[in-house]
Amino acid sequence: MGLFDKKENDDKLHIKRIEKVINSINDDYTYNLTQSIDRAFVTYCKEICKDPVSTKIQPIELCAELIETIVANKADIAATSYLAVLRRAEEIYARIFPYGENTPNFELNAMVFVSLFKQDGLIGKGLFNVTLYATFKDKDNYIEFMDSIKRDAKCNECLHDIIQYGLSVRAFFIDDETYTANMKDVAQKILRSGDVKAVIASETKRVEHMAGIYDIDEADVAKTEQQLAKANAMLSETVGILEQADAKTMQLSRVMKDTTDAITEISKRETNLISMKAATAKEDMNAAYNSFLEEQKQEVIIQKDVLLGQIFSEAESKLNELRTMARAITTAANSELLRINTEASSAMDKINNMVANDKDIEKILSKADENKELYDRLAKLELLNNQNIDAITKGIEAQAAAMNLDGANGEAQAATTPNKGATVVADPMQTVQMMGTPQFSSAGLPPMEVDPQAIPEVNPLLDTSIPFETRYKMVMEEKQRRIAKGEHFHKMFDDVVTVLMEDANPYMIGPSGCGKTFMVKQIASILNLDFIDIGYINEEYDILGFQTATGAYSTPNFYRCYKYGKIAFCDELDNGNSRATVKLNSFLSNGKDASYSFPHGENVKRHQNFRIIAAGNTAGNGADANYNTREKIEESVQQRFTPVYVGYDNYVEEKILGEYKDWYQFCVIFRLATDAWSNQNDCAAPGILTTRDTARIRRYLDNKSLDMGKILDYEFIQTKDMEYLAFLVQHMGGSVASYPGAGEIYKMFAAKVNDLRQKGGVR
């Protein structure tokens, strides 16, 4: 059963629909006396209800639906013109349905017919044209075409030209889809062009050429016939010449064959003679070569003992020099360490006397012993505010470790102040074994095993026993000190560092070149942590490592981060293997005292400094128009990350470009134009300007390596199509008044684009 294939009794139902519309109009009139209702329209509708057959629009269901649509479309059709619109509908119905309900594809075209009168439809906009409508076989294509142009401000002005173009080229298209696509393309060109007639002439000629139709002049035809006659005469003459050439070629071939046979015979005789001479020469050369080898072997045997003696003599002399140097270094180290011990003992005696004689200090120490937790917190805060002291302490430890060498006589000599990870004895002449420092035997060679890397202390800025407000305040104070020295920070820096300090696993989402990796480096620096970029995760062993064929453990960077308290930076998380990244779940949800057993059997405790930061170009939902190789991140992994959107920051770029205010303002209006293109086309704009690009432009300007024109070519114009560049120029022209500093650069940019448009291509 079709859309309008109803039983006769259903006509009463559709008459009731019309009566309901009439009643609604009367209600409007009753409650809004200031509104003038088309009473003639109401009268006409009542006549239709009395005699449905009298209506020009059949069936009655289509008429009822049309009346409902007209009355409902109050935004486009005034209530005073309901009857005029209905009469217009009857005229259109008669032209597009000449056979009434028997017109081919009546049901499909009837739906299109009703859509013309809906809100924002073509009738309300005054854009419907029966002639253009008739050129489309599939009327849905007509609606689609008109929807693509009706919102353009120049649509009404250029509609006549568009119709004329459609009528002139319709015969050259077989299928409706190709015709529709061509009409969309040409209509956009007409709407954007200042010379409509030139566009129509050019596009019409192009369609005719596609159909194989070309303009041919009678004079050209006559000239072509004359040239053809000359060509035939020349062809006949050429055939005669070729026949003569064939005869001469056959004669020459016979001569060449006789000559070739004679040369071949001579060559065979000469080749045999040369082969015999070559064999004799080869035997003589082999004999001479063997004789030379024997002589060289005897010479090497004679000189071997002399050479070995010289080598061992030089090695022993060098070894004695190294031993002498080691003894000198050991003596100097012992003297320095004894001096440090003496000064340290003197200082400790003074401190002890001061403590013993100062009652206030004694009370503080007593109170500290009573409250161990408070003492630990004070110590950690002191560590934060005394970075120089900590650096000096580490320098002394490194110096003591470097001096821990044995002399040639085998006596171990080292002494230093007590330090965690070291075995210290009272006698400075006895051995002190520092953690992580190789010990040397009397032979001067290191032992086979080396102590493992020391596990770092908990970073006070990540220690949850210290209030977050205190730790965050210190981070912000350090940030302000760096800003005062000229360092730039992204506007999302505070949010990302907060999430990291709260151990909530930030996932930075943003386009390429917006400064995500640089921000991670700043965070690691300001928190005094190491970070390792482990890249995107392709396989599980990128996280867990693996055991080699020999049984050794291939240690991954992620293991080092987990054990020694570093930041693991998972860049391009959305570009990895989604099955492998799921393995991160075991580490993303770990608590303070968590541990993990790695493949080589070691159960590693999670260091409290360990953090994970991830970054990606998408939100983790799979590929999009700009990043078409990205995978969907598994939902369980996404839930364990805190997403932070990191876009481009104009403030950072303003600081990067510094005194080049004109270039900064040009970059601002360029990005405004690309954003406008993205909003208009519902997709990301190609060739966007990144923070990385602005840094590169700054280098060009500082070094004066490229002039303004070349910077515009390489950074803003090349690789972009003509339509996109034209849009950018137009939009930037409307913004340059608000950014007058960019005026000169914009003028050159627009001139270059216009020059390219005239040449009809893109560099």
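Remember, it's a predicted structure, so these values are computed and weren't measured experimentally.
- Side-chain N/O atoms of Y142 and T180 include no donor and acceptor closer than 3.5 Å.
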side-chain contact (heavy atoms from CB on, under 4.5 Å) between T694 and W663, intermediate numbers included: CA-CA 9 Å; T694 57; W663 276 103; over 6 Å; no
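- One finds no salt bridge joining D147 and K184 here, because no Lys/Arg side-chain nitrogen approaches an Asp/Glu carboxylate oxygen to under 4.0 Å.
- Within a 6.0 Å radius of NZ in K747, no more than 12 heavy atoms belonging to other residues, nucleotides or ligands are found.
- Ion pairing between a basic and an acidic side chain is recognised when a charged N comes within 4.0 Å of a carboxylate O; E91 and K56 show no such pairing.
- Geometric assessment of R87 against the ring of Y44 yields a positive cation-pi assignment under the 6.0 Å and 45° thresholds.
- Between atom CE of residue M183 and atom CZ of residue F136 there is a gap of 5.0 Å, rounded to the nearest 0.5 Å.
- Counting heavy-atom neighbours within 6.0 Å of L228 CG, excluding the residue itself, gives a total above 12.
- Heavy-atom minimum distance, N109 versus Y133: O-OH, 4.2 Å.
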Full working for side-chain contact (heavy atoms from CB on, under 4.5 Å) between V207 and F173: CA-CA 9 Å; V207 172; F173 294 95; 3.9 Å; yes
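- For K118, the NZ atom sits in a loose shell: 12 or fewer heavy atoms of surrounding residues, nucleotides or ligands are nearer than 6.0 Å.
- Ion pairing between a basic and an acidic side chain is recognised when a charged N comes within 4.0 Å of a carboxylate O; D693 and R696 show such pairing.
- Under the 4.5 Å side-chain criterion, counting only non-hydrogen atoms from C-beta, E101 is in contact with P59.
- L116 CG to I92 CD1: the interatomic distance, rounded to the nearest 0.5 Å, is 6.5 Å.
- For the pair E65/R17, a side-chain contact is recorded, criterion being any heavy-atom separation below 4.5 Å from C-beta on.
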From CA spacing to verdict: side-chain contact (heavy atoms from CB on, under 4.5 Å), R640, E635: CA-CA 9 Å; R640 287 172 170 84; E635 185 66 24; over 6 Å; no
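- Rounded to the nearest 0.5 Å, atoms CD1 (I697) and CD1 (I656) are 10.0 Å apart.
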Starting from the C-alpha separation in whole Å, work towards a yes-or-no answer on side-chain contact (heavy atoms from CB on, under 4.5 Å) for Y82 and I67. CA-CA 9 Å; Y82 286 161; I67 290 172; over 6 Å; no
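- For the salt bridge (Lys or Arg N to Asp or Glu O under 4.0 Å) test, residues two or more places apart in sequence or in another chain that qualify with R206 are E203.
- Counting non-hydrogen atoms of neighbouring residues, nucleotides and ligands closer than 6.0 angstrom, the CD atom of Q730 reaches no more than 12 such neighbours.
- Taking the side chain as every heavy atom from C-beta outward, F172 and M210 never approach each other to under 4.5 Å.
- Using a 4.0 Å cut-off between a side-chain N of Lys or Arg and a carboxylate O of Asp or Glu, K16 and E19 do not qualify as a salt bridge.
- Within 6.0 Å of atom NE2 in H160, 12 or fewer heavy atoms from other residues, nucleotides or ligands are found, so the atom counts as exposed in its surroundings.
- For N73 (side chain) and F117 (main-chain N/O), a donor-acceptor pair under 3.5 Å exists by modelled atom type.
- Remark: aromatic rings of Y746 and F666 are distant, center separation not under 6.0 Å.
- Side chains of E715 and Y700 form a contact here, defined as non-hydrogen atoms less than 4.5 Å apart.
- With contacts defined as side-chain heavy-atom distances shorter than 4.5 Å, the pair N156/L127 qualifies.
- Side-chain atoms of D574 do not come within 3.5 Å of backbone N or O of G616 as any donor-acceptor pair.
- Although no hydrogens or angles enter the test, the distance criterion places no donor-acceptor pair under 3.5 Å between the side chain of K205 and the main chain of I200.
- Inter-residue side-chain proximity for D175 and T178 is flagged as met; some heavy-atom pair is nearer than 4.5 Å.
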Show every donor-acceptor pair shorter than 3.5 Å between a side-chain atom in residues 667-675 and any protein atom, with sequence neighbours excluded, or say none if there are none.
from, atom 1, to, atom 2, distance (Å)
R671, NH1, N650, OD1, 3.1
R671, NH1, E653, OE1, 2.9
R671, NH1, E653, OE2, 3.1
R671, NH2, E653, OE2, 2.9
R671, NH2, L689, O, 2.5
T674, OG1, R671, O, 2.8

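- Residues E744 and M708 have side chains in contact (heavy-atom distance under 4.5 Å, counting atoms from C-beta outward).
- Using a 4.5 Å heavy-atom threshold, the side chains of L159 and M146 count as touching.
- The pair R192-E723 meets the salt-bridge criterion, with a side-chain N (NZ, NE, NH1 or NH2) lying under 4.0 Å from an Asp/Glu carboxylate O.
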